[in-house]
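A short worksheet on the structure shown next.
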Amino acid sequence: MKRLSTLVSGTALALAAALTLSACGGGSSNNSAEGGVVIVTAAQPPSFSYETSATGYEAAEFFLNTGATLIRNPYVAGTDGLSAHQELFKFEPVLAKSYEVSPDGKTYTFHLNTEAKSAAGNALDADDVIFSFKRKFEVDTSIVSFVSAPVITSTDQVKKVDDATVTISIADPSHGFTLLSLLANTPYAIYDSEVLTAHATADDPYGVEYSKTNADFGFGAYKLTSYTPGQQMVYEANPGYALGEPDVKRVVQRVVADAGQRSNLVKSGDASVATQLRPADQVALRDANAAQIFTVPSNAYVYVPLTTTKAPFDNVEVRRAFSYAVPYDAIMKDVYKGRLGPISSILNDTLPDYNGNGLKSNTTDAAKSLEILRNAGITTPVKFELTVNNAVPDLKETAVQIQTAARAAGFEVTLNEVNSAVFQEGLANKTFQASMGRDYAVVQSPPYVLSLFYTPGSPINWPDFDYAPLNSAIAAGNASGEPLTPAAWGEWNEAERILQDQMPTVYIGYVQPLNAFANGVEGYVFRTDSVIDYSELKP
């Protein structure tokens, strides 16, 4: 099956609170008191501001459920036993009631749902859209400008027509699919400008400092009504949500740091949903019919970014050798219990005219690793530190597997376990020699996927990789017109072949969702951001 990180302080207190909140359910969820559900998770988002803290599972789930976009990819039922998922090539209204495209394909006009209301109760208007775009592009720490180029490069492309209408212009009509895909995802959530400007200052015109610790400025399905750092977050349904008030009126999200405890809570019915589980615990739940786990066409991959501007991975031969030192099959079998599959392409191979010529999955070969190092005159063992987020159990276990197997391949690996806040800060600042990650691209358009992780200077270019041939291949693809044509695919294929040769990132495999739902809880939809849409839940 193909395809489609965190402040940890889960304590006995948090666990006891989760148990007190809900009644035992014998494997089915009975914790719908006050019309709500309980979700147990490893951590909390480090901030409520996307422009200063965009990455990590808990952050992504928070931003989805408290935010709303102009449009979204519709949800469709799965087939052949697969879970419901997004239809990636279609778009439906959320905050926009409708949209139309000009005859030349360069101007998109969005008619807003001015009856939609924010968590603060303010109605949506065009000023909210303009304000949101400006904040996303003008806040120095925002990643949006990086992930949007070359489709949106300036807020001048966004114009207010009247209170209920905005237009977005693009230079090339071939950017249309990528534009819509961007607008359908969390980076382009629209904010309540009235709330944020009320807390703005001369030095902070977009209210960023306020929004780091206050979460009442979104138009999403839920508003955050209670927050206990390191322990609990309580969400309540937003009656003014554009798609209608959700069935689940209250979501209590508890921090339970231990993955085994999270698994047991969903097994007993004391939690409706458990996230960030160990695959072994997932399989045990499934085999005992104690909870539901899901199989999807996953776009989430496990990988090791190698910081190419730091020794020893500033040497391409060391990177190439290390790619042979990773025990891929053992990781798939022993850590992921079959819920990780081989990866040969980071681009979606179901896209029209996909070109995978010359691409291959990495293989384990200790002798080949030693040969590469020896031929390059590199003394072994090559020593480096592999940093891992201690809130993500499968990545910790994978790192141990790598540490053990890499000895025979000429590497001496020291593991560095850090909490989520430290991990995210170090990742963005490129302070690690290498790290373990589980990530994805929410937009499946090839230019977006490749630019997301490899744009020079981008805060999410984790390996800090700047290589002229790769940059040229991506630029050539962007200049080829429609991104899903054979001509463009030739350039995307060349870019992926360069990545496999230069190995700034060692991709290990595509991973299935690491969550579980209590029996009887319905409404799971797999999304390309790998998080749970609470508005779809039916306890």
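We're numbering straight along the sequence, starting at 1.
One distance of note links CG of Leu124 with OG of Ser118; it measures 9.0 Å at 0.5 Å rounding. For the atom pair CE (Met233) and OG1 (Thr225), the distance works out to 10.0 Å, reported to the nearest 0.5 Å. The distance from atom CD of Gln276 to atom OG of Ser263, rounded to the nearest 0.5 Å, is 13.5 Å. To the nearest 0.5 angstrom, Phe423 atom CZ is 11.5 Å from Glu417 atom CD. In this structure, Leu514 CG and Gln282 CD are separated by 5.0 Å, a value rounded to the nearest 0.5 Å.
The minimum heavy-atom distance linking Arg339 with Pro513 is given by the pair NH2-O, 2.9 Å. Considering all non-hydrogen atoms of both residues, Leu224 and Phe48 come closest at CD2-CZ, 3.5 Å. When all heavy atoms are compared, the tightest approach of Ala60 to Tyr440 is CB-OH, 3.6 Å. When every heavy atom of Ala184 is checked against every heavy atom of Phe91, the shortest pair comes out as CB-CD2, 4.1 Å. Of all the heavy atoms in Ala123 and Phe219, the pair that sits closest is C-CE2, 4.2 Å. Nearest heavy-atom pair, Val248 versus Gly36, reported as atom, atom and distance to 0.1 Å: CG1-CA, 4.1 Å.
Tyr524 and Phe294 have parallel rings, their planes meeting at less than 30° on a 0 to 90° scale where 60° marks the start of perpendicular.
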| said: Walk me through whether Asn416 and Thr387 qualify under side chain to side chain donor-acceptor pair (under 3.5 Å). | reply: CA-CA 5 Å; Asn416 176 36; Thr387 301; 3.2 Å; yes

| task | Just do the side chain to side chain donor-acceptor pair (under 3.5 Å) check on Lys249 and Tyr222 with the steps written out, would you? | result | CA-CA 8 Å; Lys249 307 304 180 187; Tyr222 289 89; over 6 Å; no

| said: Determine whether Asp270 and Ser268 satisfy the following criterion, side chain to side chain donor-acceptor pair (under 3.5 Å), listing intermediate values before the conclusion. | reply: CA-CA 6 Å; Asp270 292 310; Ser268 67; 2.6 Å; yes

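Taking 4.5 Å as the limit, every side-chain heavy atom of Arg438 sits out of range of all side-chain heavy atoms of Tyr303. Contact of the Asn185 side chain with the Asn73 side chain is registered, since non-hydrogen atoms from C-beta on lie closer than 4.5 Å. Taking the side chain as every heavy atom from C-beta outward, Asp247 and Leu537 never approach each other to under 4.5 Å.
Side-chain atoms of Ser132 come within 3.5 Å of backbone atoms of Asp128 as a donor-acceptor pair (strictly under, hydrogens ignored). A donor-acceptor contact shorter than 3.5 Å is absent between the side chain of Asn515 and the backbone of Ala274. In this structure, the side chain of Ser535 does not engage the main chain of Pro246 through any donor-acceptor pair within 3.5 Å. Here the side chain of Thr307 pairs no donor or acceptor atom with the backbone of Pro463 at under 3.5 angstrom. Side chain of Gln231 to main chain of Val255: no donor-acceptor pair is present (N/O by atom type, distance under 3.5 Å, no hydrogens or angles).
Side-chain contact of Tyr57 with Thr41: a donor-acceptor pair under 3.5 Å is absent, judged by distance alone. Between the side chains of Asp192 and Asn122, at least one donor N or O sits under 3.5 Å from an acceptor N or O. Judged purely by distance below 3.5 Å, without hydrogens or angles, the side chains of Ser445 and Thr178 pair a donor atom with an acceptor atom. With no hydrogens or angles considered, no side-chain donor-acceptor pair links Thr455 and Ser458 at under 3.5 Å. Using a 3.5 Å distance cut-off with no hydrogens or angles, the side chains of Asp533 and Tyr75 do pair a donor with an acceptor. No side-chain donor-acceptor contact under 3.5 Å links Gln253 and Tyr227. Side-chain polar atoms of Thr505 and Tyr454 form a donor-acceptor pair below 3.5 angstrom.
No more than 12 heavy-atom neighbours from other residues, nucleotides or ligands sit within 6.0 angstrom of CD on Glu425. By the neighbour-count criterion of 12 heavy atoms within 6.0 Å, atom NZ of Lys538 is densely surrounded, having more than that number from other residues, nucleotides or ligands.
Ring centers of Tyr235 and Tyr534: under 6.0 Å apart, within the cut-off.
The existence of a salt bridge linking Arg72 and Glu92 is confirmed by a sub-4.0 Å separation between a basic side-chain nitrogen and an acidic carboxylate oxygen.
In this structure, Arg135 forms a cation-pi arrangement with Phe217, its terminal cationic atom sitting closer than 6.0 Å to the ring centre and no more than 45° off the ring axis.
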